[in-house]
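Reading through the structure tokens given below for one structure.
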Amino acid sequence: MTSVTTTNAMTTADTEVLRDALGLLKDREQVAERLLESSAKHSYDPDTALDWDAPLEDGKWFWPPELVSLYDTPLWRRMSPERQRDLSRHEAASLASLGIWFEIILMQLLVRHIYDKPVTSAHVRYALTEIADECRHSKMFARLIQRSGAPAYPVSRLNHQLARVLKTVSTTPGSFACTLLGEEILDWMQRLTFPDERVQTLVRGVTRIHVVEEARHVRYAREELRRQMVSAPRWERELTRISSGEAARVFSVAFVNPEVYARVGLDKREAVAQVKASGHRREVMQTGARRLTDFLDEIGVLRGVGRRLWTSSGLLP
């Protein structure tokens with residue numbers, strides 16, 4: 001990942017007053033200090049904060065039904081309530097698997113981001129704090145998959161290898177744009193999940209912890225992406241537009257592993273076709289992405305080829 005600094009000292013780009021379409025950017029160190037204070041007050045150890053030994057509750061969902069990919073399709077209406085809930089169990093495991101994959105990528109990108117930055121800065125200390133958060137989240141998601149009794153659902157071999165390329169060539173703004181893509185849509189869904197009493201208590205606990213801690217991660221990524229889109233070279237900004245659009249396309253395809261349909265006895269091809277044709281599903285995904293796409297549009301990421309890629313992903317109308 002390209003870094004703004006190339007020595008162990010702050011440069012002008014780190015400390016100067018910058019402005020974009022959203023206004024003046026806050027001082028990088030002040031933002032990090034506030035995030036560190038929040039981390040000290042509102043961080044969780046999922047191993048002790050959640051009751052992993054409590055029995056799963058009969059008749060409860062593992063994901064709100066309206067957020068299950070097949071909701072309100074012809075296939076969904078033919079499924080029994082028990083089968084619908086079982087599909088929610090497998091989709092929750094699929095999303096948790098996707099979350100682990102994504103967070104492992106994110107941790108590597110964050111380490112690269114801080115490699116050349118001042119090790120005693122609050123900005124670096126917060127990045128290390130976030131990496132620790134993501135370690136706990138990945139372990140928490142893995143434990144949830146095991147507790148649900150569903151299998152893990154890895155992404156396709158192609159997407160797994162594409163991520164290797166991303167980690168190798170991603171620029172700093174591109175990395176933070178992709179970070180927000182992975183965090184904000186799931187965050188929107190989890191904010192609907194943790195207060196929903198139809199959902200398993202354990203799942204609600206997991207999503208609540210994730211929402212509280214991811215709010216800091218989103219703030220860190222947004223502030224840094226704004227700074228990068230103002231200070232990065234023109235070629236880097238343009239590459240960010242294209243790479244984030246391609247990431248959006250991959251993300252929308254990988255969001256739910258098609259194997260979940262086979263696990264509940266459905267025809268994969270038919271199920272995927274109905275999800276693609278579902279107006280409800282399209283609305284859910286675009287609504288979940290709207291806060292992010294509005295932000296990216298305002299700071300100049302959604303332009304040209306990149307915007308067309310975002311539109312083809314189905315996340316942008």
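Because the structure is a prediction, the values reported are computed rather than measured.
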Any Lys/Arg nitrogen of [X] or [Y] sitting under 4.0 Å from an Asp/Glu carboxylate oxygen of the other?
| X | Y | answer |
| --- | --- | --- |
| D196 | R198 | yes |
| E197 | K60 | no |
| E270 | R78 | yes |
| R77 | D72 | yes |
| D86 | R263 | no |
| R307 | D297 | yes |
| E238 | R241 | yes |
| K268 | E259 | yes |
| R125 | E33 | yes |

Worked verdict on R34 versus E37 for salt bridge (Lys or Arg N to Asp or Glu O under 4.0 Å): CA-CA 5 Å; R34 283 195 287 271; E37 290 174 9; over 6 Å; no

Test applied, side-chain contact (heavy atoms from CB on, under 4.5 Å); reference residue, L70; option that passes from V260, V272, L87: L87

Identified side-chain contact (heavy atoms from CB on, under 4.5 Å) partner of V31 from the options H123, E223, R222: E223

Centroid separation F62 to H90 less than 6.0 Å: no

Ring-ring centroid check F141 H210, cutoff 6.0 Å: yes

Rounded distance (nearest 0.5 Å) linking atom [atom1] of [X] with atom [atom2] of [Y]:
| X | Y | atom1 | atom2 | result |
| --- | --- | --- | --- | --- |
| E57 | L202 | CD | CG | 9.0 Å |
| E184 | D187 | CD | CG | 7.0 Å |
| M107 | C135 | CE | SG | 4.5 Å |
| R89 | S148 | CZ | OG | 6.0 Å |
| W63 | S94 | CH2 | OG | 10.5 Å |
| W310 | I242 | CH2 | CD1 | 14.5 Å |

Derivation and outcome, side-chain contact (heavy atoms from CB on, under 4.5 Å), residues R83 and L266: CA-CA 10 Å; R83 205 175 184 193; L266 299 175; 3.7 Å; yes

Trace of the side-chain contact (heavy atoms from CB on, under 4.5 Å) decision for R191 with T207: CA-CA 8 Å; R191 286 177 185 274; T207 54; over 6 Å; no

Residue pair S97, I145: steps toward the side-chain contact (heavy atoms from CB on, under 4.5 Å) verdict: CA-CA 8 Å; S97 302; I145 294 168; 3.4 Å; yes

Q274 side chain vs T73 backbone, donor-acceptor pair below 3.5 Å: no

Nearest heavy atoms of V284 and M189, plus distance in Å: CG1-CE, 3.8 Å

Nearest non-hydrogen partners of S244 and V301, listed with the distance: OG-CG1, 3.6 Å

Partner residues of Y71 under the ring pair (Phe, Tyr, Trp, His ring centres under 6.0 Å) criterion, sequence neighbours left out: W76, H280

Pair Y261-L75, side-chain contact (heavy atoms from CB on, under 4.5 Å): steps then yes or no: CA-CA 11 Å; Y261 307 123; L75 263 179; over 6 Å; no

Stepwise side-chain hydrogen bond (donor to acceptor under 3.5 Å, both in side chains) test for T193 and R204: CA-CA 6 Å; T193 301; R204 293 171 63 195; over 6 Å; no

ILVMFWY cluster, W101 and L109 together (side-chain gap under 4.5 Å): yes

Single-linkage hydrophobic cluster, 4.5 Å side-chain cutoff, L192 and L144 together: yes

pair F251-L98: side-chain heavy atoms closer than 4.5 Å: yes

Close side-chain approach of R237 to R234, heavy-atom, < 4.5 Å: yes

CZ/R147: more than 12 non-hydrogen atoms of other groups inside 6.0 Å: yes

Ring geometry between H217 and H137 (parallel below 30°, tilted from 30 to 60°, perpendicular above 60°): tilted

Pair Q146-R143, side-chain hydrogen bond (donor to acceptor under 3.5 Å, both in side chains): steps then yes or no: CA-CA 5 Å; Q146 289 182 312; R143 197 167 182 182; over 6 Å; no

